[in-house]
Chemist: 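Following this message is one structure expressed as structure tokens.
Naming convention: chains lettered A, B, ... in sequence-line order (proteins, then strands); numbering from 1 in each chain.
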Amino acid sequence: MTVSYNLDVSSVSSFNSLRLLFRWRGSIWKSVLGELAIFAVAYAVVAHAYHNYMVPNNFGASHFEAFAHQCGQLMNTIPLTFMLAFFVSIIVERWRTTFNNMGWSENVALLTNTTIVNDSADAAIMRRSIVRYIVLAQILTFRDVSMRVRRRFPNLDSITKAGFLTLSEAEHLTEIELVYNKYWVPINWAMNIAQRALRKGYINAPPTLNILLTEIKSFRTNLATVCNFDWVPVPIAYPQVVFLAVRVYFLLCLITRQYFPPKGDSVEIASMIALPMMTMFEYIFLVGWMKVAESLLNPLGEDDDDFELNFLIDKNIFTGMAIVAEHDVVPLLSKDRFSDP
Amino acid sequence: MTVSYNLDVSSVSSFNSLRLLFRWRGSIWKSVLGELAIFAVAYAVVAHAYHNYMVPNNFGASHFEAFAHQCGQLMNTIPLTFMLAFFVSIIVERWRTTFNNMGWSENVALLTNTTIVNDSADAAIMRRSIVRYIVLAQILTFRDVSMRVRRRFPNLDSITKAGFLTLSEAEHLTEIELVYNKYWVPINWAMNIAQRALRKGYINAPPTLNILLTEIKSFRTNLATVCNFDWVPVPIAYPQVVFLAVRVYFLLCLITRQYFPPKGDSVEIASMIALPMMTMFEYIFLVGWMKVAESLLNPLGEDDDDFELNFLIDKNIFTGMAIVAEHDVVPLLSKDRFSDP
Amino acid sequence: MTVSYNLDVSSVSSFNSLRLLFRWRGSIWKSVLGELAIFAVAYAVVAHAYHNYMVPNNFGASHFEAFAHQCGQLMNTIPLTFMLAFFVSIIVERWRTTFNNMGWSENVALLTNTTIVNDSADAAIMRRSIVRYIVLAQILTFRDVSMRVRRRFPNLDSITKAGFLTLSEAEHLTEIELVYNKYWVPINWAMNIAQRALRKGYINAPPTLNILLTEIKSFRTNLATVCNFDWVPVPIAYPQVVFLAVRVYFLLCLITRQYFPPKGDSVEIASMIALPMMTMFEYIFLVGWMKVAESLLNPLGEDDDDFELNFLIDKNIFTGMAIVAEHDVVPLLSKDRFSDP
Amino acid sequence: MTVSYNLDVSSVSSFNSLRLLFRWRGSIWKSVLGELAIFAVAYAVVAHAYHNYMVPNNFGASHFEAFAHQCGQLMNTIPLTFMLAFFVSIIVERWRTTFNNMGWSENVALLTNTTIVNDSADAAIMRRSIVRYIVLAQILTFRDVSMRVRRRFPNLDSITKAGFLTLSEAEHLTEIELVYNKYWVPINWAMNIAQRALRKGYINAPPTLNILLTEIKSFRTNLATVCNFDWVPVPIAYPQVVFLAVRVYFLLCLITRQYFPPKGDSVEIASMIALPMMTMFEYIFLVGWMKVAESLLNPLGEDDDDFELNFLIDKNIFTGMAIVAEHDVVPLLSKDRFSDP
Amino acid sequence: MTVSYNLDVSSVSSFNSLRLLFRWRGSIWKSVLGELAIFAVAYAVVAHAYHNYMVPNNFGASHFEAFAHQCGQLMNTIPLTFMLAFFVSIIVERWRTTFNNMGWSENVALLTNTTIVNDSADAAIMRRSIVRYIVLAQILTFRDVSMRVRRRFPNLDSITKAGFLTLSEAEHLTEIELVYNKYWVPINWAMNIAQRALRKGYINAPPTLNILLTEIKSFRTNLATVCNFDWVPVPIAYPQVVFLAVRVYFLLCLITRQYFPPKGDSVEIASMIALPMMTMFEYIFLVGWMKVAESLLNPLGEDDDDFELNFLIDKNIFTGMAIVAEHDVVPLLSKDRFSDP
């Protein structure tokens, strides 16, 4: 489920801002803490090996120190922040476009209502079918791009059972031979219904048909955009190079951020605490940032923050049906209070 | 209320630019000073503890210094500026989109005026009702996304009392069974009225109906965008990681930015002043920047700078009503002075 | 007046690029030199005080040096460049949107010409009035957002005198009771004229009316955008934090960028020149950049580079009138030379 | 073929994120490893020359060290990360626009179906021909911008053989004398067919023709965008300066990142390993990033990640044909299950 | 002429990427090498003066060194990379918008073909004239913004001679009294022709006229955008501050990047080479980047990479004429091979 936190930020107060930090669902805590634990253990293991084996036994300690020192000096040549910052910028743009194109049924339903104007049961079923078909097209599309929707509707049977498809429609759908996706089929049905509505006189004139067709087409174009974004992701090399840089950076930190007491000195406990502490803060911030990128990369996935496509499908069908059920309903118009200002 | 300052920047003069800095409402001063005071006190407490207890009693002072030194060296690994800068960029984009989609009634009212062309009282009430319904849809939407509007209209009763809804309409609205939001209901009414206007002959032809429907639909789409932005915010992990970085950074500053006199030397008073002073400047700039991000994050909230939705509702209803009151009004056309240039 | 320099950059030559640097109108020189002089004087005063009073009299010189040193070390914690760079990016986007929405009358005038097709004087006055009304709406809008236009048209009288408004129109305008802005009134008139043109048969069919209404509506939407941008500026805290950072930075420079000769050494004259010189370069670049931000922040203001709204109003009315004066004018069509390629 | 990896990032888990790193097709590994090997060998050769010839023979070793030291100190003046980051941002925008404008046939086919409404074989051939002609226009366009499509369709003959063009059409196409591209010819045919469909009464009214023409025009505009992007790339100097900077940087690294043992000391093996290791990491990240830029620069090229235009052509023709084959097909409409919620 | 290099980057290979670097036309080499030579000479002169006059004669050498040292330390306060990077980002956006709005005649020509449907010579001349008039409007516009087009068409006579304008049209054009640009005149003619086509029955219905008018209007809006971008450039202070920073930076480099041998040491030849070499690399990258910005700043100028407006004018007229010559041409429709999949 999408994680909403708008109330937490409804005003800029210090308290609100702190409350935001301690949310769990969809948080960096949830995504980072597990890996942080692994990182901390690995750090401790290396520290233990160095302080308790290498130094006392004089077993490669100086090599290790020289290695760590040399690496540490060149670590800032890894342009981690730049890569993350710009990568997230690009990913956010995609995320936003995907979101804007998920497809909402209200506009189609409202226009169906005001274009197919007839009180017959026939016209009513036409209106309902158009709504059902566009949501069906959405389900067919989402099954290809989202595991969650795929799990809910593993096959046409499950869609039929859920009432989005009749048996004969399912049959027709399977009969069409095409190796490419077929989510245009219900869209075609919806448009053809609109055409027939014109011929039957439910739609009063061709221009009226046009705005209905345009709206259905626009719904389909949205679905196509989601499909295409799934087909052509950001070139894989880009997330690879960014995520690799983060991984390598913190792998190197296991070595370079160890505490090396000055020659002859005893271990300074404060430094020994400060070093891993700071490194873990850095880990939280940078890996947390990377996790943001990862979760944005596939907004149709299964993270806490990913778009709730199943919820959207339900909302679309029920709202759409509720709208067409209100066909030609207008409250008794009466003079309003704003009449004499 | 939105804070306007355009006059202050109407020309680039040094004086104007200074005047801008000392505005209070919606300013960084207002949002930062409180927390800055807390930060300053905390800094003083730590300084006091260090200089007056730890150093004289030799109680952990050297550990503290080593700890502060080590942390200080790694503090620049926190990519604070990058995170803030890029986060604000993304948030500004959302803020702008929200603003552009708040919904203004003028276009709908003007087109209602020129499409439903009839002098009867019936047609006049139709025009007024369309305006009233779209503003009603706006109120229903804004109640879900803004605490301010929710407080003004805590329930349907309050909306009825304010004159946006008649009793029978309120009844009808509650009768519709739907677990999802219902702000489409008044939009549906408005569109159905337009349809009836065509059937009654107030609208002269189907294409004329189309542009009215399209305009109402576009108003609804705006509201839907605001709704959807509220439903799916920026993934919570992103503001978390940014705000956390800022908080941790200044928490560390309490330690690392303390003044540690060189061994054996007495306290150098100038450095002792410079250090907290510079740190507080940094606090103002970075936390101030963060506050900008916070206030942009939820532009429908309750900050000084947040959008004044209640004002917009009033403006929409009164302007809309004033427009439809000017139905078919044209001044006596006469030859203009530009006729013979 | 907008400053045009396209000829200077029509080709990438070193000479052109230098010529650009030495333009005065709207230049950084014009906006920065004044403040730079003040800064230079202040710097000299501090330098004088330090070298001629504090050092010889041993009066706080070491404190001053320690203070300057400490501040100097932390000055790079002020993320000046980041703030300026990202702030300018955001401001440029607004500037561009404002520019795109200023409203040009050509499209409306051209469509008026080809939709209201009739040779009668009545139709001609209608066409002229539509052009006049949209420019009038623009004037009413611009008066609220620009001091320059406000000065040109301080009240309705001045607009009447300039010929954009007749007396009866002005009267009608004042009679409408509305606390909100009324620039929609002439738009409403223009749209109502178009409606009447249809009823009188000057416009041949409803769809033809539609494109005229749509164009007028689009002109109004542009004006509304400019209005809304004026109503809701970038949250004040954002420019404040950026401009404050710049001011504080250079205030600190007065201290930290002083020349402190090494203990016991005499004053090294070259360093004493280099330090303020470099600081002044920095001042020119950073404050110059800030001035760019300031001048972009309110593009409707009174700077050299701000949009010339009065020019635009004149251009709109005269071009619009010239267009409608060419109603139904077509040169004698003859075979062109491209006929036989 | 486009490389899809959405399943790998369907949820933010550490395992998924690692899996992503080790994909081969389209990966940074594939694009970087070859050059990295060359770089490593060159590095080894320089190291060998320095340690085994120059140092023992005292042959220019000190000069080499001084040179390396001096260069190393100024290497950070090359703003590599900035250049890469901003260049990629700009390139991504182009890449995205190209992708959005590749042209999908569904919308045209669906509208053809619902505008040209007639059961005659004549009308059916018209519908099929419109689909075929727009895909033909796409092929003609893509041949000019993509080597892959050019190889598949080296000449008009090959297009004729593939069935997209009849012999008489090919003849007609070659007869048109025009030095500029001719991909508008089939678009013109498609539009003329639509016109004739109106005259034959297959299209019921002019407004219906309009939406079909608009859709075909919009398909053509997409193709034109792709063409224009090919005609005017990002100014060559921009990729040149960025790629040159990367090349020069790593050329310098061959010298500056050599291990120079402190005077008199023997070689410290750990440092000797750490230096090239870190440099190679840097190479992978920066050159990998550059490769991302290169592969985005021409998305119609022949890289793993480039758009599969041949696939798109096939999808367009078969889906389009499948759509028009479903002309006026509507399943038997029946009451749906959502009827009584 | 625009420089195309897409083939060079059709796949990401090391060889391709190198080939790109050594292109000459429009390259950084072409734009930078000249200035680089001047810079190198200036550097050599300063070096010569220092090493051969100042040092041997002890004439101000120590002052020079102190000055260079002091400046060198503060040179990184000039935020060169930030300024360039962000400035280029903004300029690229403008460049792109200009490119998208240059105006292509295909859409107008294609729609003219399918809206003005009549086989008479009269209708044919109308179609041809519409195409000619929009290209004429483009020429009139481009003359105001591009020196190249101005040189090709220095006056109305030259346009008449080129066949874009008849004598009577030229006369009419000059007769219109207007101090503002008049490129709307041919657009008005084109629109009026369309109107007459409707009245003569060549256009079948008002909605059909509408899409033609809309397309012509859209062409004009493109031209207006190009005009407006020329009228209001990016505020001059922005390029000034950026270009000045680059110039000052490299002026300072002449001093700060000189080789100063350690006291008492002899000149180390390797350092003496490394310093200017690195500085020249920096010069190439930064000034090269600046040249990119300069060439993008006025894309209608006369650089290698600037848009070829004269080519576009020719393409527009010949393609447009070729399109309208194919009026109502449809190949013999026959069954296609995709019929039985």
Side-chain angles (χ1 to χ4, degrees), chain D residues 31 35 63 66-67 70-71 74 77-79 82 86 90 125-126 128-129 132 147 163 166 168-169 172 176 178 180 184 187-189 191-193 195-196 206-207 210 213-214 217 221 224 230-233 235-241 243-245 248 291 294-295 297-298 301-303 317 321, chain E residues 2-6 9-12 14 17 20-21 23 26-28 31 81 85 88-89 92 99 104 106-107 110 113-114 117 204-205 207-208 211 268 270-271 274-275 278 281-282 285 288-289 291-292 295-296 305 307 315 318-319 322-323 326 328-338:
Chain D
S31 59
E35 285 190 45
H63 287 305
F67 186 76
Q70 197 65 262
C71 290
L74 290 173
T77 60
I78 303 181
F82 264 91
F86 279 87
I90 285 161
I125 286 185
M126 280 184 162
R128 298 184 69 85
S129 299
R132 185 160 60 84
M147 284 305 292
T166 67
S168 67
E169 286 162 8
H172 189 126
I176 295 171
L178 188 70
Y180 308 98
W184 54 264
I187 298 288
N188 189 38
W189 294 340
M191 284 182 159
N192 285 338
I193 290 174
Q195 242 300 336
R196 291 199 182 171
N210 287 357
L213 290 181
T214 305
K217 192 194 70 178
T221 310
D230 186 70
W231 177 44
V232 177
I236 189 175
Y238 204 173
Q240 271 185 336
V241 78
F243 296 165
L244 185 68
V248 166
K291 294 290 178 189
E294 280 185 31
S295 97
L297 199 53
N298 185 6
E302 315 200 38
D303 292 317
I317 190 72
M321 286 302 180
Chain E
T2 314
V3 181
S4 188
Y5 56 89
N6 282 327
V9 290
S10 77
S11 80
V12 174
S14 316
S17 144
L20 185 68
L21 293 186
R23 301 281 296 253
S27 72
I28 45 160
S31 59
T81 2
V88 167
S89 288
V92 161
F99 179 65
W104 281 270
E106 283 99 331
N107 278 350
L110 286 167
N113 246 7
T114 34
V117 182
N204 57 9
T208 309
I211 61 164
E268 160 61 73
S271 296
L275 263 165
M278 291 304 288
F281 279 136
E282 201 183 351
F285 301 142
W289 206 359
K291 293 291 179 189
V292 171
S295 97
L296 290 170
D305 256 321
F307 304 145
K315 180 168 183 284
F318 288 112
T319 304
I323 289 172
E326 292 281 300
D328 203 23
V329 171
V330 175
L332 189 71
L333 297 182
S334 56
K335 238 182 148 211
D336 58 87
R337 283 210 234 146
F338 305 101

Chemist: If you measure from CG on E/Asp328 to CH2 on D/Trp189, what distance do you get to the nearest 0.5 Å?
Modeler: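 One gets 14.0 Å once the value is rounded to the nearest 0.5 Å.
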
Chemist: Minimum heavy-atom separation for E/Ile323 and D/Asn188, please, with both atom names.
Modeler: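 Smallest interatomic distance, heavy atoms only, reads O-ND2, 4.1 Å.
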
Chemist: Once you round to the nearest 0.5 Å, how far does OG1 of E/Thr114 lie from CZ of D/Arg196?
Modeler: 12.5 Å

Chemist: Where on D/Leu244 is there a heavy atom nearer than 4.5 Å to chain E: the side chain, the backbone, both, or neither?
Modeler: both

Chemist: Should D/Tyr238 and E/Val88 count as side-chain neighbours, where that means a heavy-atom distance under 4.5 Å?
Modeler: yes

Chemist: Is the shortest side-chain heavy-atom distance between E/Met278 and D/Gln70 below 4.5 Å?
Modeler: no

Chemist: Under 4.5 Å from any heavy atom of chain E, what part of D/Ile90 do you find: side chain, backbone, both or neither?
Modeler: both

Chemist: So D/Val241 and E/Lys291, side chain to side chain contact (heavy atoms under 4.5 Å, CB included) or not? Walk me through it.
Modeler: CA-CA 10 Å; D/Val241 78; E/Lys291 293 291 179 189; over 6 Å; no

Chemist: Testing the basics here: between D/Phe67 and E/Ala270, what is the closest heavy-atom pair and its distance to 0.1 Å?
Modeler: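 Heavy-atom minimum between the residues: CD1-O, 3.4 Å.
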
Chemist: Checking E/Phe285 against chain D: side chain, backbone, both or neither under 4.5 Å from a heavy atom?
Modeler: both

Chemist: Work out which heavy atom in E/Trp289 is nearest to a heavy atom in D/Pro79; give both atom names and the distance.
Modeler: CZ3-CG, 4.4 Å

Chemist: Over 60° means perpendicular and under 30° means parallel, so tell me whether D/Trp231 and E/Phe99 are parallel, tilted or perpendicular.
Modeler: tilted

Chemist: Does any heavy atom of chain E fall under 4.5 Å from the side chain of D/Leu74, the backbone, both, or neither of them?
Modeler: both

Chemist: At a 4.5 Å cut-off on heavy atoms, which part of E/Val92 comes close to chain D: side chain, backbone, both, or neither?
Modeler: side chain

Chemist: Between atom CZ of E/Phe281 and atom OG1 of D/Thr77, what is the distance when rounded to the nearest 0.5 Å?
Modeler: 10.5 Å

Chemist: Non-hydrogen atoms of chain E under 4.5 Å away: do they reach the side chain of D/Phe86, the backbone, both or neither?
Modeler: side chain

Chemist: Do you know which two heavy atoms are closest between D/Ile125 and E/Ser334, and how far apart they sit?
Modeler: CG2-O, 4.0 Å

Chemist: Rounded to the nearest 0.5 Å, what separates atom CD1 in D/Ile236 from atom CD1 in E/Ile28?
Modeler: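 These two atoms lie 9.5 Å from each other.
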
Chemist: Over all heavy atoms of both residues, which pair between E/Leu333 and D/Ser129 is shortest? Give the atoms and the distance, please.
Modeler: CD2-OG, 3.4 Å

Chemist: Taking all non-hydrogen atoms of both residues, which atom of D/Ala237 and which atom of E/Ser27 are closest, and how far apart?
Modeler: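 Smallest heavy-atom distance, with atoms named: CB-C, 4.2 Å.
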
Chemist: Are E/Pro331 and D/Thr166 close enough that some pair of their side-chain heavy atoms sits under 4.5 Å apart?
Modeler: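 Not in contact.
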
Chemist: Please classify the contact between E/Val329 and chain D as side chain, backbone, both or neither, with a heavy-atom cut-off of under 4.5 Å.
Modeler: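 Contact with chain D involves both backbone and side-chain atoms of E/Val329.
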
Chemist: Report which part of E/Glu268 has an atom under 4.5 Å of a heavy atom belonging to chain D: side chain, backbone, both, or neither.
Modeler: side chain

Chemist: Should D/Ile187 and E/Glu106 count as side-chain neighbours, where that means a heavy-atom distance under 4.5 Å?
Modeler: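 D/Ile187 does not reach E/Glu106 side chain to side chain.
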
Chemist: Report the distance from atom CD1 of E/Ile211 to atom NZ of D/Lys217, rounding to the nearest 0.5 Å.
Modeler: 7.0 Å

Chemist: Under a 4.5 Å cutoff for heavy-atom pairs, which residue among D/His63, D/Glu169, D/Gln240, D/Gln195 has the most contacts with chain E?
Modeler: D/Gln240

Chemist: Measuring heavy-atom distances to chain E, does D/Met191 have an atom under 4.5 Å in its side chain, in its backbone, in both, or in neither?
Modeler: both

Chemist: Quick one: are D/His172 and E/Glu326 in side-chain contact, heavy atoms under 4.5 Å?
Modeler: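 A side-chain contact under 4.5 Å exists here.
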
Chemist: Would you compute the distance between atom CG of E/Leu110 and atom CG of D/Asn192 and round it to the nearest 0.5 angstrom?
Modeler: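 Rounded to the nearest 0.5 Å, the CG-CG separation comes out at 9.0 Å.
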
Chemist: Relative to chain D, which of E/Leu21, E/Asn204, E/Asn113 shows the most heavy atom pairs under 4.5 Å?
Modeler: E/Leu21

